[in-house]
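One structure below.
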2 protein chains.
Amino acid sequence: MNILLAEDDLNLGELLSNFLKSKGYQVDLTRNGKLAFERFNQKKFDFCIFDVMMPEMDGFTLAKEIRELDKKVPILFLTAKAMKEDKLEGFALGADDYLTKPFSMEELLARITAISRRADIGEASEEEKYQVGTIAYEPTYRILHLAEGKKKLTTKENQLLHLLVKNKNEILDRQATLRAIWGDDNYFNGRSMDVYIAKIRKLLREDPNIEIMNVHGKGFKLVIKE
Amino acid sequence: MNILLAEDDLNLGELLSNFLKSKGYQVDLTRNGKLAFERFNQKKFDFCIFDVMMPEMDGFTLAKEIRELDKKVPILFLTAKAMKEDKLEGFALGADDYLTKPFSMEELLARITAISRRADIGEASEEEKYQVGTIAYEPTYRILHLAEGKKKLTTKENQLLHLLVKNKNEILDRQATLRAIWGDDNYFNGRSMDVYIAKIRKLLREDPNIEIMNVHGKGFKLVIKE
DNA sequence: CAAACGCGTTAAAAAAGGTTAAGCTCTATT
DNA sequence: AATAGAGCTTAACCTTTTTTAACGCGTTTG
């Protein structure tokens, strides 16, 4: 299981990282929210642990960005002792739990176990495979199973389609997507994204029930009729 | 839009109720959780605002009961300042937001606007299907089945028509609608809405029994004769 | 009843999106 | 090192969607 850990205190960070690794998890440690966000978009994570107070981008903002793209990945916050209002903000973002420093390693492990068990029900994680209308899609291998045969997607095609599919029937926010895939939501990246939407639409044309609809000024939404 | 308000402090209750009414919402004010729950079962509400501390039945218990019946209706809690663990409990129940007393009316309005927008346009994802006079309407796919064939609606057309249809035979309040769709009820958005009312009227002209009537100074009402 | 306001409607301006193709930047290959 | 190819970005052009403006008419209110 892959864990994304964002902690600016390098001592604590290494400590946690080593502990979790010793328990059989794979851990990516990042120094701040910004780096964590980039990492999150490059790799698939099953669990996130964020310190709330970090330079560049704090844990809550980070969680907000991530929630735009992934509604499900469990997020656990590490907060300095007994903050008041701050905690709530975390929960409103769909946090699954929080720990107040100082905490014991065992406590952390217990939470991770409990939450990931809950999150895992019905999900075989690792090998992802989707059925989009009549078309099978394997983001892990970037393969689209069309009627005429397998089609290998490019990096960007795959990233975008993956997000669309993960957020089926929901609006995929334009800005958040741009930041996730292109790292920046300026005008030109926006146009680039439009170009990729066009490419993907062409690829999925095979099944007339699939539609990527535009929500003016907001983003795109993948819907599949009946 | 119908709001269910539960607040035992009658002064505050009346104040809130009047303020919200002045902003175009219909408000049912109840004195405690028990009465609120009864009211909830008699009428359809689009939004709930509950004080946490109330006699008979507190806000959290109330929310728990309501969530048993309705998983989606937005709930906002009003809490006395800075409770600690208690607050968290609210979020676990699927609260959408909370406000800590004292708060400003504007702040409340902003939250309501934001949440109901999110709930409204974000995910209308269940297969809805309406019959408006002789015209079938599928808001999920933004399709209007006219005599001449299918007509695809634009984002705004769809949002507005959806609200009209959901509130058939009831007045769709102008200001509340503007905040729900446009996020702000300023003069220009108002004119924009009028333009869309005109568009929709044109689309629905096919069936002479359909009428979108104006209620001067209040809003619009979709009625279907006999 | 007149001034102010709200609404109906149409047209024009502005913004956002759809699509195609040319250009650029890598990387792999000769 | 030059060439070719793949992938991505930028540019260009066009369409659709939304907003803003303008004008006229009905309604309300003092």
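Computation of the quantities below employed the complete heavy-atom set of this structure, encompassing side-chain atoms and omitting hydrogens, waters and symmetry-equivalent molecules. Chain naming here is simple, since letters A, B, ... match the order of the sequence lines and numbering starts at 1 in each.
Looking at heavy-atom distances under 4.0 Å, B:Tyr187 makes no contact with the nucleic acid at all. Across all strands shown, B:Lys202 has heavy atoms under 4.0 Å from sugar-phosphate atoms exclusively, and none from any base.
Taking atom NZ on B:Lys199 and atom C1' on C:dC7, their separation rounds to 17 Å, with Å as the unit. Between the OH atom of B:Tyr196 and the C1' atom of C:dA11 there is a distance of 15 Å, rounded to whole Å. Rounded to whole angstrom, the span from the CG atom of B:Asn158 across to the C1' atom of D:dT16 amounts to 16 Å. As a whole-Å value, the separation of A:Gln159 CD from D:dT9 C1' is 15 Å. Put simply, CG on B:Asn214 is 11 Å from P on C:dT9, counting in whole angstrom units. Rounded to a whole Å, the CG atom of B:Asn189 is 7 Å from the P atom of D:dT19. If you take CD1 of A:Ile171 and P of C:dG17, they are 12 Å apart, rounded to a whole angstrom. Rounded to whole Å, atom P of C:dC7 lies 11 Å from atom NZ of B:Lys218.
Of the options A:Asp184, A:Asp185, A:Asp173, a salt bridge (Lys or Arg N to Asp or Glu O under 4.0 Å) to A:Arg179 is made by A:Asp185 and by none of the others.
Taking the ring axis of B:Tyr196 as reference, the NZ or CZ atom of B:Lys199 stays within 45° of it and closer than 6.0 Å to the ring centre.
In the set D:dT19, C:dT9, C:dG17, the nucleotide with an atom closest to the side chain of B:Asp194 is C:dT9. Side chain of B:Val195, nearest nucleotide from D:dT19, D:dC13, C:dG8: D:dT19. For B:His216, counting side-chain heavy atoms from C-beta on, the closest listed nucleotide (D:dG26, D:dT9, D:dT20) is D:dG26.
Contact between the side-chain N/O atoms of B:Trp182 and the OP1/OP2 oxygens of D:dT19 is found at a separation under 4.0 Å. Neither OP1 nor OP2 of D:dG7 sits under 4.0 Å from any side-chain N or O of A:Thr155. Look at B:Arg191 and you won't find any side-chain N or O under 4.0 angstrom from OP1 or OP2 of D:dT19. Taking side-chain N and O atoms only, A:Thr154 has no distance below 4.0 Å to OP1 or OP2 of D:dA6.
Between A:Phe45 and A:Phe40, the angle of the ring planes stays under 30°, which puts this pair in the parallel group of the 30/60° scheme.
Atom NZ of B:Lys168 sits in a sparse spot, with 12 or fewer heavy atoms from other residues, nucleotides or ligands closer than 6.0 Å. Annotation: A:Lys34, atom NZ; neighbour count of heavy atoms from other residues, nucleotides and ligands within 6.0 Å does not exceed 12.
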